[in-house]
2 protein chains.
Amino acid sequence: MQSLKLTAWHNTVMAVRMKDIARDLGVSVVTVSKVLRNHSDISPATRERVLKRMKELNYRPNLAARALVTGRTNMIGLIVPDLVHPFFAEVAKGLSKVLRKKGYGLVISSSEEDPELEQQEIDQLLARRVDALIIASAQWTVESFRRIEEMKTPYVLIDRRFAGLAANFVGVDDEQVGAVATEHLIEIGCQRIAHIRGPELSTALGRLEGYRRTLTRHGLAMPPGYIVLGKSADDAADASGYQAMRQLLRLNPRPDGVFCYNDPIGMGALKAILEAGLRVPEDIAVIGCGNVHYAGLLRVPLSSIDQESATIGERAAKLALSLIESKDTVRPKTILLAPKLAVRDSTRKVACAAK
Amino acid sequence: MQSLKLTAWHNTVMAVRMKDIARDLGVSVVTVSKVLRNHSDISPATRERVLKRMKELNYRPNLAARALVTGRTNMIGLIVPDLVHPFFAEVAKGLSKVLRKKGYGLVISSSEEDPELEQQEIDQLLARRVDALIIASAQWTVESFRRIEEMKTPYVLIDRRFAGLAANFVGVDDEQVGAVATEHLIEIGCQRIAHIRGPELSTALGRLEGYRRTLTRHGLAMPPGYIVLGKSADDAADASGYQAMRQLLRLNPRPDGVFCYNDPIGMGALKAILEAGLRVPEDIAVIGCGNVHYAGLLRVPLSSIDQESATIGERAAKLALSLIESKDTVRPKTILLAPKLAVRDSTRKVACAAK
DNA sequence: GCTTGTTACTTTATCGCTACCATTGCCCGA
DNA sequence: TCGGGCAATGGTAGCGATAAAGTAACAAGC
């Protein structure tokens, strides 16, 4: 007979346990456990009986208990600055696809682009003993990562990197993003190319650098004021792109091409240009980055640089899984994906198309 | 002295445990545990000592262990058909915002709109012993929900409901969505209003019903062929909206207003109309649903019905938390939010604005 | 002086599961 | 006949934490 003492726990839930199956079948819990985990030293007959009973009782192993003894939770934590941003949503989807197959669960937190909140979320996930962390970080310092290392939890950074931090990284080559975009604008005949840059993150800095280098390589000028900051990269990114573009429109000479840090900014820029009575791309060509789903449906379909968000998710997942498998710490790995150009009307000059 | 036997577990990880703190301070583990949980029967002096040592050692409670004994994981599972869909992403954000404050974690799974996959994900989350489930279901039957009930795990459905299932629900009133949209089109003078409907889900059916009733109430005709199915509600929704609209354009008389199941479909419809050389809204007014972020930046800014996605998330989270708190099963609650009209150019007729 | 209560702890008994050996037959070769 | 090797199963001891109940020390009340 089971213990007669009923704890609070017993009153509320009463899930099926291995013990119940073992008792019903007159075998030991260990045998049941072995069947569950496909151990080889169980006779087919017993295995069948156990499986049958499991199905009958709709048994589900208590993963929390398993985690306690194995030290592995089969969960991976993901922290992103903004779930609503299509880029991160796609990354999450790519991740989830790979992890599901391997039986891993995905715990997602949003840091709302707030370093302090992100720190808290990291702590939460570490307390939950996730097997690995995947982070698109909003931090300014590398301190949080040290704390993760202390726990010996493997982690993979995505999208945003940190100088001086030897960590696993998966992302697009941002300098190349800037280069490809700028190169494209030059190719279609733009001479005065402006850039609406993003915040102080590796992504924005990399794209800026790629833009600069490409202009220099082609001997093109970068007049003062041609680099404007798009203030927010989040919800209000389109508004900030709009503002930034209006600023650019006041310049003399006016730019004839704009490379925008991301698509929302690009959309805002488009709006400002059209509102000013100018034509895209004839007067000003615009290119964004991120290749969001709706880029093609805009007033003027927006050319963009594709960051392969889903691939980033998949690669990050695979990398994380390999880190979990490998017993000892391996040298951090950096996976840089090549950006792809997606040409649409906003950079499709008729004159050029005919060339 | 600790056990000399080193298990595999000990070799790999070595996180700080209560035991370590207790040993260092010469108190019992329980005392440490009580400090952690702010029990009152601990002297300020001891409390301080424990807290100090916790900080020094960077102690983090093992939530898996806690879960095992308390029977509560402090995790809530969310299953959505598609994480990339802005609606669900916003719901997730709203959820996460509320849950974070209460110290709950969010485990997110995507069912990819596949009922079987969804079933697997539900099983996974139940095995993880999440305290509650929040589901935007892609199921056709209610069987999965019975299985959740068997485990006595509280669950909340969002967005999509099921006839004949007494379950907690949070979502927008879809019939009202259809009514508001149709009413608006009538108000701006449309006479022949078509509808590009969605798949066989409560959302699409509700909106369709609202559309029908409103037309009937106003004594307007619903010529055959005026209701077209937008085949996919996912990735290719815009393409399917485009196709559906082309079909509508072939009709005689041609509709002068279209209510679309969602915004992506609306965007596709817009494209088809403009491509046919017609004007929006002068020739045909278009309204969508979902009020996605980019709706205002389209070729013709798209009017839409706002579903208050973030609010749905927040309400669902609060409902789930209250279900967890309440010991005994309560009567399922249905929370219906009122849709809001967001008027943009696609339904802003000059003639009408002057009226 | 002895009960009664309070404060501040500690002891004990799990939670559900797995790791790590035992153990029990049974067959086989020497 | 016996040791040894397999095949199949079981016993025991935790994992890190909490719940419930116990205990020592001291104060208060009559």
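What you see below is based on every heavy atom in this structure, not just the backbone, and it leaves out hydrogens, waters and symmetry mates. Every chain is numbered from 1, with letters handed out A, B, ... down the list of sequences.
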For this session: Could you check whether B/Thr31 gets within reach of a base, just the sugar-phosphate, or nothing at all, counting any heavy atom under 4.0 Å?
Result: base
For this session: Could you work out which one of C/dA19, C/dC15, D/dA17 sits closest to the side chain of A/Thr70?
Result: C/dA19
For this session: To the nearest Å, give me how far apart CG (A/Leu36) and P (C/dA19) are.
Result: 11 Å
For this session: Starting at atom CZ of A/Arg72, determine the distance to atom C1' of C/dC17, rounded to an integer number of angstrom.
Result: 16 Å
Exercise. Atom CE of A/Met18 and atom C1' of D/dG10: how far apart are they, to the nearest Å?
Worked result: 14 Å
Exercise. Hey, is the side chain of B/Thr46 poking within less than 4.0 Å of OP1 or OP2 on C/dC9, counting only N and O atoms?
Worked result: yes
For this session: Using a cut-off of strictly less than 4.0 Å, decide whether B/Lys34 has a side-chain nitrogen or oxygen near OP1 or OP2 of C/dA8.
Result: no
For this session: Return yes if some donor-acceptor pair links the side-chain N/O of A/His39 with the main-chain N/O of A/Asp41 below 3.5 Å, else return no.
Result: no
For this session: Map B/Asp41 and B/Leu63 onto DNA chain D by nearest heavy atom, then report which one ends up closer to the 5' terminus.
Result: B/Leu63
Problem set entry | Whole angstrom value for the distance that separates C1' of D/dG16 from CZ of B/Arg66 | 11 Å
Problem set entry | A/Phe162 and A/Phe145 aromatic centres sub-6.0 Å | yes
Exercise. Looking at five pairs on each end of the helix from C/dG1-D/dC30 to C/dA30-D/dT1, what is the angle between the two axes, given to 10 degrees?
Worked result: 60°
Exercise. Nearest 0.5 Å, what's the CG-CD1 distance between B/Leu319 and B/Ile134?
Worked result: 8.0 Å
For this session: Would you mind telling me which of C/dT10, D/dC15, C/dG16 lies closest to the side-chain atoms of B/Val27?
Result: C/dT10
Seminar exercise, completed: note: A/His39, atom NE2; D/dA7, atom P; distance rounded to Å ~ 15 Å
Problem set entry | Closest to the B/Arg37 side chain, choosing from C/dT10, D/dA19, D/dT9 | D/dA19
For this session: Round to a whole Å and report the spacing from CG of A/Asn74 to C1' of C/dT18.
Result: 14 Å
Exercise. Any side-chain N or O of B/Ser33 less than 4.0 Å from the OP1 or OP2 oxygen of D/dT18?
Worked result: yes
Exercise. Choosing from D/dC15, D/dT9, D/dG10, which nucleotide comes nearest the side chain of A/Ile42?
Worked result: D/dT9
Exercise. To the nearest Å, how far apart are B/Glu48 CD and C/dC9 P?
Worked result: 13 Å
For this session: Identify the heavy atoms of A/Ser111 and A/Ile79 that sit nearest to each other, and give their distance.
Result: CB-CG2, 4.2 Å
Problem set entry | Given D/dG11, D/dG16, C/dT18, the nucleotide with the shortest approach to the side chain of B/Arg17 | D/dG16
Exercise. Quick one: does A/Thr31's side chain have a donor or acceptor within less than 3.5 Å of a partner on A/Val27's backbone?
Worked result: no
Problem set entry | Under 4.0 angstrom between B/Tyr59 side-chain N/O and D/dA17 OP1 or OP2 | yes
Exercise. B/Ala65 side chain: which of C/dC15, D/dA20, D/dG16 is closest?
Worked result: D/dG16
Problem set entry | Interatomic distance, B/Asp20 CG vs D/dC15 C1' [rounded to whole Å] | 13 Å
Problem set entry | Below 4.0 Å: OP1/OP2 of D/dT9 and any side-chain N or O of A/Ser43 | yes
Exercise. Taking atom OG of B/Ser109 and atom CG of A/Leu106, what is their separation to the nearest 0.5 Å?
Worked result: 7.5 Å
Exercise. Is B/Arg100 atom CZ crowded by more than 12 heavy atoms from other residues, nucleotides or ligands, each under 6.0 Å away?
Worked result: yes
Problem set entry | Salt-bridge present (B/Glu150, B/Arg147; N to O < 4.0 Å) | no
